[in-house]
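A, B, ... follow the sequence lines: proteins, then strands. Residue 1 opens every chain.
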There are 2 protein chains.
Amino acid sequence: MGKRKTTSTNLQNERFIATTCDLTYAVCLLSGRWKLLILCHLQDGILRYSEIRSKIPGITEKMLTVQLREMEKDGLVYRTVRPEFPPHVDYGLTEMSSELIPVWEVLENWGATHRKSAINATP
Amino acid sequence: MGKRKTTSTNLQNERFIATTCDLTYAVCLLSGRWKLLILCHLQDGILRYSEIRSKIPGITEKMLTVQLREMEKDGLVYRTVRPEFPPHVDYGLTEMSSELIPVWEVLENWGATHRKSAINATP
DNA sequence: CAGTATCCATTAAGATACTG
DNA sequence: CAGTATCTTAATGGATACTG
């Protein structure tokens with residue numbers, strides 16, 4: 001019935017801790033429409049929930065929350081709640097995710113270059 | 001009918017050519033369970049369809065074909081068919097995707113380091 | 001060998017409304 | 001302010017069988 005009998009390679013659910021490939025492991029931790037983008041914005045410093053949201057046009061609150069929570073669980077962001085009212089929650093990179101800064105630097109440059117070509121090439 | 005009325009942010013379908021963010025553009029071109037992994041294997045040289053498949057345990061023929069075709073369309077791999085029987089098809093990196101080699105190098109190292117920690121940390 | 005085709009299960013993502 | 005909850009659709013991934 002609701003059971004998987006097969007190799008069971010869900011991206012988000014089982015987080016691929018047991019995968020045998022380091023690259024696959026990394027890809028799985030970072031896969032998601034918004035994760036790299038969120039991390040990239042956090043490299044400039046600690047941001048509040050609403051600050052991240054306003055820096056990423058198009059993201060819904062639900063997706064922002066989901067992705068932040070997953071990344072927190074995976075050790076990619078830390079989350080600090082200040083016991084105030086109104087609530088105040090800070091997010092920042094961890095040591096682990098800081099090591100990925102070169103990744104989005106390369107990707108951003110690469111994207112900039114080739115997006116321009118793609119736009120110019122569209123008839 | 002088959003029409004989207006909303007912001008329309010499908011990952012694979014509309015390929016995000018019109019996105020306003022370079023990083024998002026890059027992420028969208030590379031998103032997919034297998035793309036980085038395939039590209040990574042191709043950095044060692046030209047590979048045939050069956051060679052890629054055997055280097056990536058767990059991938060199905062369908063997914064390999066789908067991802068290769070998308071990447072070919074996006075200029076991330078090239079595909080050469082030799083008019084022989086039995087068929088012989090070669091795949092290789094393009095200039096564009098060669099620029100991404102640093103990305104998977106970082107990711108692979110990062111994955112290696114932190115996967116070990118994750119495995120050791122699991123109770 | 002290098003794929004296609006079909007069908008189906010699971011997951012990601014989005015809209016919208018609501019809350020402590 | 002910083003989220004939840006609920007519902008819906010879109011997209012991904014897989015099993016299996018078949019083909020030029």
query: Mapping A:E61 and A:G58 to their closest nucleotides on DNA chain C, which lands nearer the 5' end?
result: A:G58
Tell me the interatomic distance from [X], atom [atom1], to [N], atom [atom2], rounded to whole angstroms.
X	N	atom1	atom2	answer
A:I38	D:dG3	CD1	C1'	14 Å
A:L64	C:dA13	CG	P	13 Å
A:I59	C:dA15	CD1	C1'	14 Å
A:H88	D:dG3	NE2	P	11 Å
B:K35	D:dG13	NZ	C1'	13 Å
A:R33	D:dA10	CZ	P	16 Å
B:M63	C:dA5	CE	C1'	15 Å
B:E70	D:dG13	CD	C1'	12 Å

Does [N] have its OP1 or OP2 closer than 4.0 Å to a side-chain nitrogen or oxygen of [X]?
X	N	result
A:R82	D:dC1	no
B:R79	C:dG3	yes
B:R69	C:dG3	yes

Side-chain donor-acceptor contacts of residues 40-47 of chain B below 3.5 Å, not counting sequence neighbours, with atom names and distances?
| from | atom 1 | to | atom 2 | distance (Å) |
| --- | --- | --- | --- | --- |
| B:Q43 | OE1 | B:W104 | NE1 | 3.4 |
| B:Q43 | NE2 | B:C40 | O | 3.1 |

Under 3.5 Å: donor-acceptor pair, side chain of [X], backbone of [Y]:
X	Y	value
A:W110	B:L23	no
A:E51	A:R48	yes
B:E72	B:R69	no

query: If you pin A:P86 and A:T65 to their nearest nucleotides in DNA chain D, which one's is more 5'?
result: A:P86
field: Check: B:R79/B:Y91 side-chain N/O donor and acceptor closer than 3.5 Å
entry: yes
- prompt: Which residue pairs pass the side-chain hydrogen bond (donor to acceptor under 3.5 Å, both in side chains) test with at least one member in residues 54-64 of chain B, sequence neighbours excluded?
  reply: B:R53-B:E61
With [X], which residues qualify under side-chain hydrogen bond (donor to acceptor under 3.5 Å, both in side chains), at least two apart?
X	value
A:E99	B:H114
B:T94	B:S97
A:T65	A:Y49

Nearest to side-chain heavy atoms of [X], which nucleotide of [options]:
X	options	value
B:T60	D:dG14, D:dC1, C:dG3	D:dG14
A:K62	C:dA2, C:dG3, D:dC7	D:dC7
A:V89	D:dG3, C:dA13, C:dG3	D:dG3
A:F85	C:dG20, C:dC1, D:dG3	C:dG20

message: What stems show up for DNA chain D when you take Watson-Crick pairs (N1-N3 plus N6-O4 or O6-N4) and G-U wobbles (N1-O2, O6-N3), both under 3.5 Å, and require three or more consecutive pairs?
response: C:1-20 with D:1-20
- request: Not counting sequence neighbours, list each pair that qualifies as a salt bridge (charged side-chain N to carboxylate O under 4.0 Å, His left out) and has a residue in residues 80-92 of chain A.
  value: A:R82-A:D90
message: Under 4.0 Å, heavy atom to any atom of DNA chain C: which of residues 48-56 of chain B qualify?
response: B:R48, B:Y49, B:S50
